[in-house]
Amino acid sequence: MKRLIVTTSWDDGHKLDVRLAALLRKYNLPGTFYVSPFDREFPKKDLLTDAEVRALSKEFEIGAHTMTHPRLPDISDDEARREMRESKEYLEGVTGKPIVSFCYPGGEYNRQHPGLAEEVGFSYARTVKRHINDLHGSVFEAHTSVNAYNHYQDLPKIFKFAGYNPSKVPHYFKWENLAKAMFDKLRREGGIFHLWGHSWEIDQHGDWDKLEEVLRYISGHSDVIYATNGELPVLQPKNLLMVAPYFPPHLGGQEQYAYNIAKRLQDNYGWDVKVATTGERGISRTHELYKGVHVYRLPYWFKLSNTPINPLWPLTLRRFIAKHNIAAINAHAPVPGFGDIAVMVGKHIPSAITYHMASMKKNDKRFDWLIALYETRFLPAVLRRATATIATSRVVKDMHMETHAIKTRTITPGTDTTFFTPAKTLAKDTVLFVGSMNKSDKHKGLAYLIDAFASIAADRPGVKLVLVGDGTARSDFERQVEDLGLQDRVTFLGALFGEDLRRAYQGATVLVLPSLNENFALVTLEAMACGLPVVGTNVGAISDIIDDAETGYLIPPADSQAIAEKVSYLLSHPTKAAAMGRQSRKKAETTFSWDHKVRDTDTILRRIMGIPAEASK
């Protein structure tokens with residue numbers, strides 16, 4: 001048996017809610033009564049009095065349903081906000097209790113209204129969408145299972161529920177039969193059974209006996225969780241699908257960002273995290289436990305530039321979401337096509353897309369037109385679809401998320417300041433580079449650093465350049481070093497991880513980041529945590545990391561002479577370099593700790609799911 005949650009809710013605040021409440025009380029069932037204190041669709045004499053609402057609130061949850069029951073799309077956003085806010089405040093005054101749940105009158109709302117419900121202070125908002133029996137989806141567009149009324153427009157869904165057997169459709173068309181059968185199905189499969197209706201409608205159709213029959217049937221089961229609507233957000237499963245185009249041990253800042261967020265959400269905030277990422281070319285999907293995180297690597301068929309492609313990913317991710325009962329998605333982008341797909345196929349599941357790049361353009365006419373098409377057409381649609389958007393830097397936010405400011409938060413990369421620590425003294429005459437050496441990553445600017453080092457080496461006989469990283473262009477850089485006669489002064493260490501990488505930082509005097517195009521280089525933070533001054537180009541968000549002349553130096557991109565000048569100065573002034581390194585360490589500790597970044601991410605994920613803060617751990 002899987003977990004089943006049962007909840008009921010009843011709309012409008014009609015006087016007959018008192019009779020309905022008596023039935024719920026008889027069978028010890030919870031109920032949420034959505035009250036519209038001055039509902040214009042009924043004479044005042046037919047509405048619950050304040051005293052009756054107060055009496056109901058002693059045993060049941062009272063939810064807001066606006067003050068006068070208008071159809072929200074027919075009024076302005078300001079009027080809708082006022083109707084929501086005033087109904088909440090009015091009912092809180094009547095009951096003396098917080099009102100946390102809201103129901104859209106007539107189930108009608110537009111895309112602004114869930115945000116307004118959250119802004120006003122609700123933690124749950126219910127629609128009238130039926131036949132949806134899981135806890136997935138935004139809690140501000142919550143679904144239901146069965147309405148205590150027969151709806152002809154539900155026939156296609158009833159036909160599907162009947163296994164496409166025409167002989168069963170008349171039986172299931174009767175709402176009481178559908179309710180009992182759906183309850184039985186969910187007891188086997190798990191999910192949420194949400195019965196709702198209107199007491200006046202039940203009376204109008206003479207369905208009180210049918211309602212009692214259903215309430216008796218669904219009550220009193222020890223394997224069932226019974227809850228009010230307002231309690232549902234706390235009961236949501238915290239199953240998170242993190243989708244990233246690449247994931248460790250693949251090198252890169254995005255990869256490290258995704259891993260650190262995934263690992264810490266799982267270990268410190270109680271999330272059940274599963275990572276879907278790209279794997280090898282072919283047809284085989286693999287599953288591994290990478291440093292405590294479940295990682296599923298999906299194969300690709302071919303690559304377009306640096307972008308892996310597999311036309312089956314939408315189907316694979318849709319099945320993965322269903323199989324693992326995913327409750328929220330955190331998609332990392334760019335590298336078009338993977339994280340984007342997860343957000344689009346997730347349908348009702350709350351999603352947060354974390355964007356890592358200002359622009360992917362590489363000054364390559366073969367592909368830049370496709371990148372421009374993606375960044376101006378497809379990406380905006382994905383960002384609109386996402387429930388929340390996370391920018392990894394100010395530059396990313398300004399470039400891509402200006403129109404989504406209300407749902408955007410900037411969460412920069414962080415670093416583990418307990419692992420990356422300074423050496424006792426700053427090393428002498430060692431210049432360090434850490435980064436990818438792939439042909440597709442020429443924007444890392446390593447060629448300019450090697451040219452600059454030729455000038456530095458001519459003036460300083462003992463200086464050496466240490467290059468950490470690997471990739472398809474490594475042989476090109478090795479050839480450049482040979483052509484300059486620097487073989488004895490330049491060391492290629494390949495890709496380093498963990499303690500080996502930390503030792504590389506601790507053995508350096510200065511880190512150089514010669515990027516032509518960069519968002520937010522994680523290696524900069526690691527070097528700063530290790531007490532190194534950093535010489536970096538003034539592109540992307542690097543100026544948000546390096547404080548010029550305090551933690552390092554900012555220089556123009558593609559300028560080997562500027563690199564040589566600033567690096568030579570630091571090598572020649574060890575006291576100044578050490579002072580800058582101490583400032584670097586201080587900034588890493590106070591501004592770029594992973595603990596802060598993960599806490600902020602948890603807050604966003606809880607918000608889009610409607611999980612209260614006290615339920616986060």
Side-chain angles (χ1 to χ4, degrees), residues 412-413 415 417 419-435 444-446 448-468 486 489-491 493 501-515 518 520-593:
T412 69
T415 190
T417 56
F419 179 79
F420 290 106
T421 56
K424 291 183 179 179
T425 58
L426 197 62
K428 183 180 179 182
D429 280 348
T430 303
V431 181
L432 178 66
F433 168 87
V434 180
K444 295 293 182 182
L446 178 53
Y448 292 95
L449 171 57
I450 294 173
D451 282 342
F453 185 71
S455 175
I456 297 169
D459 295 332
R460 299 186 69 83
V463 72
K464 57 184 177 180
L465 173 62
V466 176
L467 304 179
V468 175
L486 298 172
R489 313 284 290 276
V490 179
T491 303
L493 293 182
L501 179 58
R502 178 176 59 187
R503 280 194 291 268
Y505 287 125
Q506 291 175 339
T509 312
V510 57
L511 176 82
V512 180
L513 189 72
S515 304
E518 192 72 66
F520 203 103
L522 185 59
V523 298
T524 311
L525 304 185
E526 294 170 348
M528 290 171 64
C530 288
L532 293 185
V534 180
V535 174
T537 49
N538 193 5
V539 297
I542 295 178
S543 62
D544 293 340
I545 309 173
I546 300 172
D547 296 325
D548 192 36
E550 293 184 17
T551 63
Y553 289 110
L554 292 169
I555 58 174
D559 192 336
S560 295
Q561 182 178 347
I563 296 173
E565 287 177 357
K566 295 302 183 184
V567 170
S568 294
Y569 178 83
L570 290 171
L571 297 177
S572 301
H573 297 79
T575 302
K576 177 67 173 177
M580 284 186 169
R582 288 191 293 272
Q583 286 297 111
S584 288
R585 172 67 187 181
K586 182 178 179 180
K587 186 170 184 179
E589 288 180 312
T590 57
T591 307
F592 297 116
S593 166

Taking the side chain as every heavy atom from C-beta outward, state whether [X] and [Y] have any atom pair closer than 4.5 Å.
{"X": "Arg582", "Y": "Pro422", "value": "no"}
{"X": "Glu565", "Y": "Tyr553", "value": "no"}
{"X": "Val567", "Y": "Val512", "value": "yes"}
{"X": "Pro557", "Y": "Tyr448", "value": "no"}

List the atom of [X], the atom of [Y], and the distance in Å for their closest heavy-atom pair.
{"X": "Lys444", "Y": "Phe433", "value": "O-CE1, 4.2 Å"}
{"X": "Ala457", "Y": "Leu486", "value": "CB-CD2, 4.2 Å"}
{"X": "Asp547", "Y": "Lys587", "value": "OD1-NZ, 3.1 Å"}

Do other residues, nucleotides or ligands put more than 12 heavy atoms under 6.0 Å from [X] [atom1]?
{"X": "Glu589", "atom1": "CD", "value": "yes"}
{"X": "Phe420", "atom1": "CZ", "value": "yes"}
{"X": "Lys464", "atom1": "NZ", "value": "no"}

For the [atom1] atom of [X] and the [atom2] atom of [Y], what is their distance to the nearest 0.5 Å?
{"X": "Leu493", "Y": "Thr491", "atom1": "CG", "atom2": "OG1", "answer": "6.0 Å"}
{"X": "Ile546", "Y": "Met580", "atom1": "CD1", "atom2": "CE", "answer": "10.5 Å"}
{"X": "Gln506", "Y": "Thr430", "atom1": "CD", "atom2": "OG1", "answer": "13.0 Å"}
{"X": "Ile555", "Y": "Lys566", "atom1": "CD1", "atom2": "NZ", "answer": "9.0 Å"}
{"X": "Leu432", "Y": "Leu513", "atom1": "CG", "atom2": "CG", "answer": "11.0 Å"}
{"X": "Thr590", "Y": "Arg585", "atom1": "OG1", "atom2": "CZ", "answer": "10.5 Å"}

Short side-chain to backbone donor-acceptor contact, [X] and [Y], under 3.5 Å:
{"X": "Arg460", "Y": "Ser568", "value": "no"}
{"X": "Arg489", "Y": "Val463", "value": "yes"}
{"X": "Thr509", "Y": "Val431", "value": "no"}
{"X": "Asp548", "Y": "Leu554", "value": "yes"}
{"X": "Asp559", "Y": "Ala562", "value": "yes"}

With Ile456 as partner, the option from Leu571, Leu465, Asp429 fulfilling side chain to side chain contact (heavy atoms under 4.5 Å, CB included) is Leu571
Enumerate, atom names and distances included, each donor-acceptor pair closer than 3.5 Å involving a side-chain atom of residues 521-537, sequence neighbours excluded.
{"from": "Thr524", "atom 1": "OG1", "to": "Ala521", "atom 2": "O", "distance (Å)": "3.3"}
{"from": "Glu526", "atom 1": "OE1", "to": "Tyr505", "atom 2": "OH", "distance (Å)": "2.7"}
{"from": "Thr537", "atom 1": "OG1", "to": "Ser515", "atom 2": "N", "distance (Å)": "3.4"}
{"from": "Thr537", "atom 1": "OG1", "to": "Ser515", "atom 2": "O", "distance (Å)": "2.6"}

